[in-house]
Amino acid sequence: MRVHSETREKQSVALKSAWETAAVNQAVALARQNLAGLQKEQAITSDRLTVARRAAEINAMAAGGTVQDKLFTKIDATLIALADSPANATSIAAAAKRERDAKSAVSSQRRLLQHIGIEVPDCAAVRNEADVRAALAEVSKADGLARGYIRELIAACGSEDLHATEGIALGATSRLAQARAQRDALQTRIGDLQKKTVAQRLRYRAAILAYDSAKEGITEQSDVNVRITKALQDARAAFEQVDSLSDNDKYSLAFLSKERKAAIDRFFTAVLDTKDGDALPASASNAALFFRLFPKWLEETKAEIAATGIPSLQPLLMQRDFEKAQSDALEKDILSEQREIAVLDAVVALYHEQIETLVRARGAIALLGMSKALPLTFRGVFDNAGMSGKNGAITPGVHAGLLEAAGLYLDAQIRVQGEVDKLSYEQHYLQRERALIYAEASLNQWSTLIGGSIEQLAAYGQGGIKPETLVSFINAVSLLWIGEGVN
């Protein structure tokens, strides 16, 4: 921020126009557009293949053959490929609904907590990490709404039904076992990264909640000071712990950059809200957190004011843009990996659905009391005529039951498998998109270094802040900060 200058305004507008003309981010945008187009075409092709497979399967059934050859044997072969044996498949089908319900309960509480800005550790950390449980307790104490959600989350994460189907041992080569292994490997890797500093991040959030509560809900000034002081001290301690323990993992780095950027934004909001000769604006109290996270900045700026009379905020503006670029990239990467886990979990869920549907088809035949060796032709079943076997004419009930079994088989074998194929395309899309995320992040960081200054010159060159206003604000907020006992 500088004093307004017409010359600098003209220069900054010209520079801004030149930077926009360069359009360096268009290369990434075009690559992302091409990737999205490829995924769309793959999905269309997959749908067409599903229709063709369904038609081929129906034609094969209608052309002739027995229930044994055209249905029962195929059902058992698919169940063996999925779960090693029809017996395993029956056990998995019985457990799958319990597992779905248990996971739905966890997802519900997770969404509620994320909606109010609370990070949610995975269930393994909630169950097994004492430090994480203690940090969740601190958040519960600071926020009444979160308290109920956290209580329900802990209960949901403790359900044994979360792994109901995994108690059924499968060979490593079965489709379901392979899908589980791929999902679990990614989930474990991400969970290990997330939990490195999740307790400290939760403690920081609890401190910020306590800070906001102290500012808004207390009327006695002494109580305000004590609670604000403690909240800010707790926030800074948790922030520094994240910084020291992070080992540069993406979850910690995203948190640090996001909170630094937010603190800088709060500071600038307070500066811009300040009017010459007026009292400090209500937003000025938010600057206290900024001074906590950037303790050296205040002293360096006061020294600059003493030496030159004009403080420079350009480096801080550029840091804000750098922190935003980094947090945006890391959060996109984290979201992409979470989406990939969701895709892999959906594949497992589809295999469960496929197993359940085939077990139902198998059961429909068994309920009819028909032998697997029944020499019934499917042409007769579909035509509803000439339906005879060793036991005479097929009754309408048997006819309906066989059509139900055939419909269930076709749904499981064709539709569900087609959805699995489309999910594999989505997984590949997400993996390739993550490479674009980091290419885009690299360009954005260069934009911060090259274009950030230009953007800020254009914005502030047209309507600068008077240096005396800025100096007055910094001095006044410094007194407020000291008055709260947090220097």
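These numbers come from the heavy atoms of this one structure, side chains and all, not from hydrogens, waters or symmetry mates.
- Salt bridge absent: K332 and D328 never bring a charged side-chain N and a carboxylate O closer than 4.0 Å.
- In plain terms, the two heavy atoms of A142 and A206 that are nearest each other are CB-O, 3.6 Å.
- Residue R48 qualifies as open at atom CZ: its count of foreign heavy atoms under 6.0 Å is 12 or below.
- Side-chain polar atoms of Q178 and Q182 form no donor-acceptor pair below 3.5 angstrom.
- The pair R205-E119 fails the salt-bridge criterion, with no side-chain N (NZ, NE, NH1 or NH2) lying under 4.0 Å from an Asp/Glu carboxylate O.
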Open item on the list: What verdict does the side chain to side chain contact (heavy atoms under 4.5 Å, CB included) test give for Q187 and D184, after you've listed the backbone C-alpha separation in whole Å, the side-chain angles of each residue and the deciding distance to 0.1 Å?
Closed with: CA-CA 5 Å; Q187 207 160 32; D184 293 348; 4.0 Å; yes
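- Between F239 and Y204, the ring-plane angle classifies as tilted under the 30° and 60° cut-offs.
- Put simply, the side chain of D143 never gets that close to the backbone of V139: no donor and acceptor are under 3.5 Å apart.
- Side-chain N or O atoms of S108 include none that pairs as donor or acceptor with a backbone N or O of A105 at under 3.5 Å.
- The distance from atom CD of Q200 to atom OG of S244, rounded to the nearest 0.5 Å, is 8.0 Å.
- Side-chain contact check for T90 versus R362: every heavy-atom pair is 4.5 Å or farther apart.
- Residue K97 holds its NZ atom at 10.5 Å from CG of D161, rounded to the nearest 0.5 Å.
- Two residues are said to be in side-chain contact when any heavy atoms from C-beta on lie closer than 4.5 Å; L186 and E340 meet this criterion.
- With rounding to the nearest 0.5 Å, the separation of NZ in K250 from CD1 in I190 is 6.5 Å.
- Of all heavy-atom pairs between I355 and A83, the closest is CD1-CB, 4.2 Å.
- The nearest pair of heavy atoms linking V126 to P121 is CG2-O, 4.0 Å.
- Across all their heavy atoms, A89 and L79 have their closest contact at CB-CD2, 3.6 Å.
- Note on E240 versus R236: salt bridge recorded, some NZ/NE/NH1/NH2 to OD/OE distance being below 4.0 Å.
- For the atom pair L232 CG and K230 NZ, the distance stands at 11.0 Å (nearest 0.5 Å).
- Remark: the backbone N or O of Q42 is not paired with any side-chain donor or acceptor of S46 at under 3.5 angstrom.
- Side chains of Q241 and T197 form no contact here, defined as non-hydrogen atoms less than 4.5 Å apart.
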Open item on the list: What verdict does the side chain to side chain contact (heavy atoms under 4.5 Å, CB included) test give for T165 and H352, after you've listed the backbone C-alpha separation in whole Å, the side-chain angles of each residue and the deciding distance to 0.1 Å?
Closed with: CA-CA 9 Å; T165 64; H352 287 170; 3.5 Å; yes
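- Between the side chain of S104 and the backbone N or O of R100 there is no donor-acceptor pair closer than 3.5 Å.
- For the atom pair CD (Q354) and OG1 (T357), the distance works out to 8.0 Å, reported to the nearest 0.5 Å.
- A donor-acceptor pair under 3.5 Å is absent between the side-chain atoms of S213 and the main chain of L209, judged by distance alone.
- A salt bridge does not link D265 to K324: none of the charged side-chain nitrogens sits closer than 4.0 Å to a carboxylate oxygen.
- Taking the side chain as every heavy atom from C-beta outward, K261 and Q326 never approach each other to under 4.5 Å.
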Open item on the list: Pair T50, R54 - check side chain to side chain contact (heavy atoms under 4.5 Å, CB included), show working.
Closed with: CA-CA 6 Å; T50 296; R54 182 185 293 113; 3.9 Å; yes
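- Taking a cutoff of 4.0 Å between a charged side-chain nitrogen and a carboxylate oxygen, E419 and R415 qualify as a salt bridge.
- Salt-bridge annotation for E99 and R180: absent, with no side-chain N of the basic residue lying under 4.0 Å from a carboxylate O of the acidic one.
- Between C157 and V106 the shortest heavy-atom distance is N-CG2, 4.1 Å.
- Contact annotation: the side chain of E259 never approaches that of S327 to less than 4.5 Å [non-hydrogen atoms, C-beta and beyond].
- Judged purely by atom type and a 3.5 angstrom limit, R110 uses its side chain to pair as donor or acceptor with the backbone of V120.
- Side-chain contact check for E152 versus L112: every heavy-atom pair is 4.5 Å or farther apart.
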- [ ] Apply the test side chain to side chain contact (heavy atoms under 4.5 Å, CB included) to residues I414 and V51: give CA-CA distance (whole Å), side-chain angles for both, the deciding distance (0.1 Å), then the verdict.
- [x] CA-CA 8 Å; I414 308 300; V51 171; over 6 Å; no
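- A 4.5 Å side-chain heavy-atom check between K195 and D192 finds at least one atom pair inside the cut-off.
- With respect to D411 and R360, no salt bridge is recorded, no charged nitrogen being found less than 4.0 Å from a carboxylate O.
- Checking side-chain atoms of D249 against main-chain N and O of Y251 turns up a donor-acceptor pair under 3.5 Å.
- Residues Q417 and Y351 come closest through the heavy atom pair OE1-CE2, 4.2 Å.
- With R147 contributing its side chain and S140 its backbone, the two residues share a donor-acceptor pair below 3.5 Å.
- Checked by atom type and distance alone, the side chain of S85 pairs as donor or acceptor with a backbone atom of N88 at under 3.5 Å.
- Note that the NZ atom of K70 and the CD atom of E57 stand 8.0 Å from one another [nearest 0.5 Å].
- Side chain of S257 to main chain of A254: no donor-acceptor pair is present (N/O by atom type, distance under 3.5 Å, no hydrogens or angles).
- Using a cutoff of 4.0 Å between basic side-chain nitrogens and carboxylate oxygens, K258 and E331 are scored as salt-bridged.
- Y149 has its side chain within reach of I116: a pair of non-hydrogen atoms, C-beta onward, lies under 4.5 Å apart.
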